Amino acid sequence: MLEIKNVSTSYGHVEALRGVSMAAHPGEIVSLIGANGAGKTTLLNTISGMTPARSGQILLNGVEITRLSPEKIVNLGVCQVPERRQVFATLSVRDNLTLGAYTRMRGRGEPPIKDRKTLHLDIETIYAMFPILKQREKQLAGTLSGGEQQMLAIGRSLMGRPKVLLLDEPSLGLAPLIVRDIFEIINCLREIDTIILLVEQNARAALRVADRGYVLETGRIVMAGPAADLAADPAIQQAYLGKQGR
Amino acid sequence: MSLQTEIIQFLLAGITVGSIYALIALGFVTIYNVTGIINFAQGEFAVYGAFIAITAFQKSRLLSGNWQVALEWPLPAAALVGVVITTLVGILLYRLAIQPARRASILSMIIITIGAAFVMRGAALLLWGTDPYRLPVFTPGPPLKIFGAILTRQSVWVIAVTAVLLVILYWFFNRTLTGKTLQACADNPKAAQLMGISPQRMALLAFGISSAVTAIAGIVIVPSTFMTYDRGLTLSLKGFVAAIVGGLSNPAGAVLGGISLGVLESFGAGYLSSGYKDAISFIVLFIVLAVRLGGFLRRRGSAGERAGL
Amino acid sequence: MKRLLIARLGSPNLIAFLIMALGLAAAPVFIDNNYIITVLTIIALFTMLTIGLSLLMGYAGQISLGQATFFGIGAYSMAIFSTRLGLSPWLSLLAGMILAGGVAYLLGMLIFRLHGHYLAMATLGMNIILYLILTQQVDWTGGPSGFRGVPDLSIGGMTLSTDTHYYYLIWFFALITIALSLNIVNSRVGRAMRALHSSEIAAETLGIDTGRFKLQVFALSAAYSALAGGLYASFLGFISPSSFTINASIKIVLMAVVGGLSSIWGATFGAAAILVIEQWLRTAIKSLVPGASGEQEIIAFGLILMLIMIFMPEGLVTGAGKALRARIARRKPERAQPAGG
Amino acid sequence: MSDTPLLRASRLFKRFGGVMAVNDVSFAVQEGQILALIGPNGAGKTTTFNLISGTHGPDQGEVIFRDRRISGSRPSQIAQQGLARTFQNLQIFGEMTVLENVMAGCHLQGTAGFLAAALRLPKAGAEEKRMRGQAMSYLEQTGLAERAHDPAGSLPFGQQRLVEIARGLAVQPQLLLLDEPAAGLNRTETEELDRLILRIRDQGISVLLVEHDMNLVMAIADHVVVLHYGSKIAEGSPAQVQANPDVIAAYLGDDWAAPPRREAADA
């Protein structure tokens, strides 16, 4: 399981997370929601080591990963699908997927990929999940549509056989119909028995797909609970749209 | 000599010199793409490659004659040593000077690589002095004739080595996992890090490849031109101009840029003024910068720059 | 008015300035050694050059690796205008400054659209082109072997002929440069320059025309350099292209870096330090490696550049001051809360 | 005079690559008004802000400020027209003192050039004194007077925000653009900011605000414009936009987008 204990993170002078504690278990989808600037993305970046925590602890299956380098954290099975997808635009779809398994091919990730055949099989598994990627196999990732790039980014992370999958705003900038497809995919990811943390601005959709949810406000967790309960709570709307205005 | 022959002659000479510029430009591009750094010490790698190869090949008096070296290895072995040691120098440069300052501003980084160029140049002066050095041609024999123009055998070597290196580099970057990893780092260093790729390891690799390629350039050219300790700066600048002409982050562009710069210089020296041959590349630089940088190049920057490497 | 005067007198800049001026004025009385006087004079010249670059790099945040270009323009203007064109030496000096400033302004219009690497390379290219012109246009410049017979300057009918004369003249100009630059830095334009260095976009949104400012500072630094060049030519009477190479430009960068890129006083310190080190290294290397010739001291210069930029990017003077202050600041709370340690 | 708005953005378009960042956005800021520009992440707020402040030019459309077209002008020219701004990721001059920061903001109130400065002409001296006095008054207004001689970079984050606002005020603008002024501030600092912005408005300076902190927006804005996917989806009083179903959907999303979770489906 993934445990986050009293974590604080700052960017320069700005405290982006203030004593955040939470936990997540394999096979469940946990949504982190909250208004812009609440610290959702920072929380994911802190877990993946891109923005190291200033204080507190992050434990993966009892092993402390706080302040390890991002590379080491990836080796331990934490894979992040970054905001705005960040595919390697100048590489082909297949190469993007291959690089997703980089740590496993270098023998540092689990299970290691020792030969081309294993790699090929793994890529085929991703293609089975995202048939469109197989059609685009040789195309440069930069030429893909937004939705396809999002699928590629998710597929690329799955190539690392994550124990923890961090999804950062997967619906950002996508057309509403594509958003539906992406959430469909996220729903299916439950089957791979990983810990999934989902950061979403689309709170209603995120709570619908998730098992549990946490609400962040200015770097703090202000609400937590089963997703269905949170979805029904009117306080959520206030967290997004503020107290009653004039 | 007929006008046509003359033109072919200049063209061939230009392509030969241009190949060298192309290799140095490739060195620039490799480092720039992965790290966002322009290495002002790039040309020094060519000097070191050549000098080390020469020292391994023939009896040499180093440190103003205070240190006699008589290895007298066969040419291929000497060349290999030149490349290997220069590569180590490149790696050392990264580890000792670039990596510790990788969060520094562009201004600081420029000054650091300039400092590195000075150290390397000064060390070369101390070791090898101010004398010009030369290697024998790789394969002696009469020059080739192409449409009446003369192409020396060494020029063939230069062009062939450049071509072979290009093929190898193309294969490396596009067909091997390590090559693709480097490309990924150049493309999006942040995402690369999220794949478990260490940007610093890749930067080290880039410095290694870049210094090796530039050292080879220095070695293949030294049979046809004398090498002196202070050639590094001019070579750096020409390589940089070639890289800029090609768009700075584009390896194929760098090669084209190098060869066109060589050809332009060759014609300029032939028809305008040989004294101002070296000015040609800078006039090209000013024109390219004025025309293109106002537009897309400046805004894009390299991946490394964006990541603050 | 009285209060203002006192306030001014009390400013550390003014006190430092007065002490320095008095010390320099008295120095030749105690030093009866032409060599030392000459070294001190050269320090004054490089102070002007370094201040020009400091204004440009440290305050306006624009890099130039070709300051020796303007040094050269100043020197050769002095030589050519005063001999070939028959202008008076003083007019030639002024003409050189105007020419250098104008060249900088025009070049700046082209290259200040660039940033970082491109600007650095473009300024290097500028220097190389000047060097080529100096070596190629033999009829005008005397070519690689140099230009002999640059006339002496004269003041009120007295021709300056001795080293001590030039010592006073050149330090006079150097002190003026320092004073003017200190004034500029602490003024409306100075703030605009520093703002531009810190954040170009923020400066722009305050109504500061950043493009024009960069050009003006570049032209100013070029004029300073040309002033140094003209004085240098007249002082030595002989100039050659080898004094205006990229090595010279980098040496100026080094002096600015050692002194701290954004410090007027640092510029003087940097110039002095590097020139002294240079003299010392030349003899040291020769005794270490018998028979060595050439500018091996550039190894040390390169090392200094790298070390400072890696460990103390603000330069020695500014950096050391900051480190000291940080140390004091660290100690204070410790003393205030002994239990906390 | 009063019926023409101070600033009018009409039919702005801006495309970045394949993305329409700003798609046909129009709105107006009235004199003496606090207008808030809000919207979910990626809605195009910052781009719109940049189109107005001159950091980018619009592909189509224009920005009219005091009856003059300012779109396409350099930021320094826009500042001369009486429009100042702050930055979301602070752009203070860290090595300069707080006072010097604000005096740099007074740049347009002076004329001394290099020569006057270098020679310390009396004119420049008088001007300098005047600017110093002005800058101090802005520091007093923002509660920074005590820190006037500290390097701006050494101030805590919240006060650095105030330095930017004081510096913006020093431009003597008619319209002050604030780019997420509350980002990174704690609750007390945000409340102080509330009051400061209201005071600024009461001096007759209009404020255009891009802000994430909805409590702040709802408490002080006179008028709110909501962007989503680059387009304007609503505008009105804070209470009006809060109750607007389109706005709620934009912020909270539509749950039809997600399939129900497995357990629910099984049950």
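None of these values were measured; they are calculated from a predicted model. So you know, we letter chains A, B, ... as the sequences are listed, proteins then strands, and number each from 1.
Only the side chain of E128(D) comes within less than 4.5 Å of a heavy atom of chain C; its backbone N, CA, C and O stay farther away. Only the backbone of T111(D) comes within less than 4.5 Å of a heavy atom of chain C; no side-chain atom from C-beta onward does. Residue F87(D) touches chain C through its side chain alone, counting heavy-atom pairs closer than 4.5 Å. Heavy atoms of L115(D) lying under 4.5 Å from chain C are absent altogether. Looking at E127(D), the atoms closer than 4.5 Å to chain C (heavy atoms on both sides) all sit in the side chain, from C-beta outward.
When the candidates A79(D), P75(D), A124(D) are compared by the number of heavy-atom contacts under 4.5 Å with chain C, P75(D) comes out ahead. For the options A118(D), G94(D), A117(D), A84(D), heavy-atom pairs under 4.5 Å to chain C are most numerous at A118(D).
A search for salt bridge (charged side-chain N to carboxylate O under 4.0 Å, His left out) contacts involving E62(D) returns R69(D), not counting sequence neighbours.
Taking a 6.0 Å sphere around CZ of R130(D), one finds it holds more than 12 heavy atoms contributed by other residues, nucleotides or ligands. Under a cut-off of 6.0 angstrom, the local environment of CZ in F17(C) is crowded, with over 12 non-hydrogen atoms contributed by other residues, nucleotides or ligands. Annotation: R8(D), atom CZ; neighbour count of heavy atoms from other residues, nucleotides and ligands within 6.0 Å does not exceed 12. By the neighbour-count criterion of 12 heavy atoms within 6.0 Å, atom CD of E146(D) is sparsely surrounded, having that number or fewer from other residues, nucleotides or ligands.
Contacts with chain D (heavy atom to heavy atom, under 4.5 Å) involve these residues of residues 186-204 of chain C, listed by number: N186(C), S187(C), R188(C), V189(C), R191(C), A192(C), M193(C), R194(C), A195(C), S198(C), S199(C), I201(C), A202(C), A203(C), E204(C). Residues of residues 205-212 of chain C lying under 4.5 angstrom from chain D, judged on non-hydrogen atoms, are T205(C), L206(C), G207(C), I208(C), D209(C), T210(C), G211(C) in numerical order. Scanning residues 216-230 of chain C against chain D with a 4.5 Å non-hydrogen threshold yields Q216(C), V217(C), L220(C), sorted by number.
Put simply, CZ on F114(D) and CG on L55(C) are 8.0 Å apart, with the number rounded to the nearest 0.5 Å.
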